[in-house]
Amino acid sequence: MSGHSSSHIVPSRCDCRTGDRIDGKYTVVAELGSGSFGQVFKVKDYTGEVRALKLLRLWDVPSDIRDALIERFDMEFKTGRIPDRNLVHSSDSGYLNGNPYFVMEFCPGGDICKYIGRRDVNMSRIAIDILNGLKALHSNGKVHRDLKPENVLIREDGSVALTDFGISGDKNKRLTERNIFGKPAQMFGTYAYMPPEQSNRERGMATVLPTTDIFSFGVLMYQLLTGVLPFGKLEDHNDLAKYLINSKAENWNKNALAAVPNSSQWTKLISGCLKASWKTRIQSAEEAIKLVPGDRYSPRVSPASAAQAEPKKQHAKGVYLTIAQGKDYGAEFNLAECLDPVHKNLITVGLADSNNITLTDFSESYTSRKHFSIEKGSKDRWVIRDGQWNEHTREWKRSTNGTWVNSGDVDDSGTVLSDGDIISAGNIKIKFNIF
């Protein structure tokens with residue numbers, strides 16, 4: 001799927017029905033769902049294995065947004081190649097009459113909406129599965145951005161896995177495109193799980209951090225446990241205004257949670273996730289896992305999941321930056337080869353061509369032309385600083401939306417980078433690795 005754009009593809013209408021063959025490899029069993037621009041089918045491959053297939057109906061997509069949707073669709077496929085048992089795995093991709101599709105594992109249990117308010121379900125196991133899925137995404141530079149019950153699927157063994165990653169973007173894209181399979185009626189559902197900094201973006205929060213997913217997880221778990229949303233009902237615009245005010249004030253219904261068995265054990269986790277400020281919120285999925293009450297089970301990793309994982313790339317020894325989210329997804333930079341020829345231990349990074357590492361992003365970007373700097377110290381000690389030195393004004397100029405390492409704000413005094421750190425520069429996320 002990579003490398004294609006609407007300028008090279010002339011999509012034609014293709015209405016798939018039960019029994020039809022897709023690309024000569026997959027037989028349609030049933031339609032699982034449809035939305036504005038896409039369809040999901042239950043299919044069988046040539047071995048008889050049941051899969052799910054997502055088709056982007058490109059013929060219905062306005063030409064001016066086709067390229068962006070293809071890129072985001074491709075990114076979702078690649079995200080599904082992350083080898084983790086709590087992510088729905090992608091296995092194949094291609095085109096049908098010029099319309100992109102990808103194939104992923106089929107989860108026969110449907111989504112976890114059926115578990116909302118139930119007392120006969122092990123909520124601790126569900127919570128740990130979801131958090132492990134988030135941990136895998138975050139450690140690979142991804143933020144789900146649209147975590148809700150509909151996007152958590154149930155496997156045959158009862159474990160759950162996250163799906164629909166890579167399509168939802170920043171706030172504006174979420175509320176206009178939502179996702180390519182979304183329907184306008186789902187708008188309130190999107191708002192229900194959105195943290196205050198995303199529903200009313202402040203200047204610095206154009207960058208989406210892992211703490212976005214932590215807030216959504218808190219809403220989701222509260223809803224599973226109690227059967228209701230934490231900040232009130234959400235059925236019309238009047239409800240929405242009250243809901244957003246309550247979320248900013250951390251005014252959530254504690255009485256409903258108190259009625260849940262073992263509620264005292266859940267309160268610390270839920271309250272830590274529902275903090276209005278991302279700074280005081282639980283900062284990572286790993287931190288949240290430690291607060292989940294009950295057992296710490298480890299479900300079996302299925303051989304099929306391992307087989308579908310993207311093979312690990314072999315690296316020469318060195319220090320690398322890898323684009324984990326953005327238009328140049330997968331691009332790698334060996335820092336030793338990127339050092340500035342004049343300022344020997346310096347690397348500048350941003351959208352401007354004058355940088356030692358030039359970034360590119362989708363059309364709507366919150367990345368600055370001169371976004372951040374990295375300085376090499378002794379013994380592979382690399383320090384990242386927000387902004388760059390301006391030779392004309394003779395002063396340090398910060399980026400517009402800030403630079404972040406994991407969930408921490410980086411200032412111009414610098415942060416020492418460690419292996420596996422995720423750098424956020426606007427919509428672009430970059431992984432730092434030492435090999």
If you take all heavy atoms of Ser399 and Asp386, which pair is closest and at what distance?
-> OG-OD1, 2.6 Å
SB check Lys54 Asp164 (cutoff 4.0 Å) | yes
Atom CD1 in Ile282, atom CD1 in Ile289: separation rounded to 0.5 Å?
-> 11.0 Å
Check whether any side-chain heavy atom of Phe73 sits under 4.5 Å from a side-chain heavy atom of Leu58, and report yes or no.
-> no
Check step by step if salt bridge (Lys or Arg N to Asp or Glu O under 4.0 Å) holds for Arg125 and Asp129.
-> CA-CA 6 Å; Arg125 290 191 171 193; Asp129 276 350; over 6 Å; no
With rounding to the nearest 0.5 Å, note down the distance linking OG in Ser216 to NZ in Lys148.
-> 10.0 Å
So, for Leu274 and Gly218, which heavy atoms are closest and what is the spacing to 0.1 Å?
-> CD2-C, 3.8 Å
With Val160, which of Asp111, Val88, Val152 fulfils side-chain contact (heavy atoms from CB on, under 4.5 Å)?
-> Val152
Can you measure from CG (Leu351) to NZ (Lys370) and round to the nearest 0.5 angstrom?
-> 11.0 Å
Would you check, one step at a time, whether the test side-chain contact (heavy atoms from CB on, under 4.5 Å) holds for Leu335 with Lys376?
-> CA-CA 9 Å; Leu335 295 193; Lys376 183 182 184 302; over 6 Å; no
What are the two closest heavy atoms between Ala192 and Leu229, and how far apart are they?
-> CB-CD1, 4.0 Å
salt_bridge(Asp157, Arg155) N-O dist < 4.0 Å = no
What closest approach, in Å, do Val410 and Arg398 show between heavy atoms, and which atom pair accounts for it?
-> O-NH2, 3.4 Å
Report the C-alpha separation of Lys429 and Lys142 in whole Å, then their side-chain angles, then the decisive distance to 0.1 Å, and conclude whether the side-chain contact (heavy atoms from CB on, under 4.5 Å) test is met.
-> CA-CA 7 Å; Lys429 298 196 179 296; Lys142 309 288 184 180; over 6 Å; no
Between the side chain of Asp74 and the main-chain N/O of Ile70, is any donor-acceptor distance below 3.5 Å?
-> no
So, Thr212 side chain and Arg145 main chain: donor-acceptor pair closer than 3.5 Å or not?
-> no
Going by distance alone, is a donor N or O of one side chain under 3.5 Å from an acceptor N or O of the other, for Tyr193 and Gln223?
-> yes
Can you give each donor-acceptor pair under 3.5 Å made by side-chain atoms of residues 251-260, sequence neighbours left out, with the distance rounded to 0.1 Å?
residue : atom : partner : partner atom : Å
Asn251  : ND2  : Asn246  : OD1          : 3.1
Asn253  : OD1  : Asn255  : N            : 3.1
Asn253  : OD1  : Ala256  : N            : 3.1

State the CD1-NZ distance between Ile154 and Lys114, to the nearest 0.5 angstrom.
-> 4.5 Å
State whether a side-chain donor-acceptor pair under 3.5 Å links Tyr101 with Asp23.
-> yes
For the student: nearest non-hydrogen atoms of Ile428 and Thr360, plus distance | CD1-O, 3.6 Å
Identify whether the distance between the nearest side-chain nitrogen and carboxylate oxygen of Asp92 and Arg51 falls below 4.0 Å.
-> no
Start with the C-alpha gap between Leu220 and Leu147, add the side-chain angles, then the distance that decides, and say whether side-chain contact (heavy atoms from CB on, under 4.5 Å) holds.
-> CA-CA 8 Å; Leu220 182 154; Leu147 181 65; 4.1 Å; yes
Check the side chains of Asp421 and Asn406 for a donor-acceptor pair under 3.5 angstrom, ignoring hydrogens and angles.
-> yes
Polar side-chain atom of Gln388 near backbone of Val349 as donor-acceptor pair, under 3.5 Å = yes
Nearest 0.5 Å, what's the CG-OG distance between Asp213 and Ser284?
-> 12.0 Å
NZ/Lys135: more than 12 non-hydrogen atoms of other groups inside 6.0 Å | no
Measure from the side-chain N and O atoms of Asn140 to the backbone N and O of Ala136, and report whether any donor-acceptor pair falls under 3.5 Å.
-> yes
If you take all heavy atoms of Gly141 and Gln325, which pair is closest and at what distance?
-> O-CB, 3.7 Å
Ile434 CD1 to Lys317 NZ distance, which is reported to the nearest 0.5 Å = 11.0 Å
Does the side-chain contact (heavy atoms from CB on, under 4.5 Å) test come out yes or no for Leu321 and Trp382, once each step is laid out?
-> CA-CA 12 Å; Leu321 292 184; Trp382 298 81; over 6 Å; no
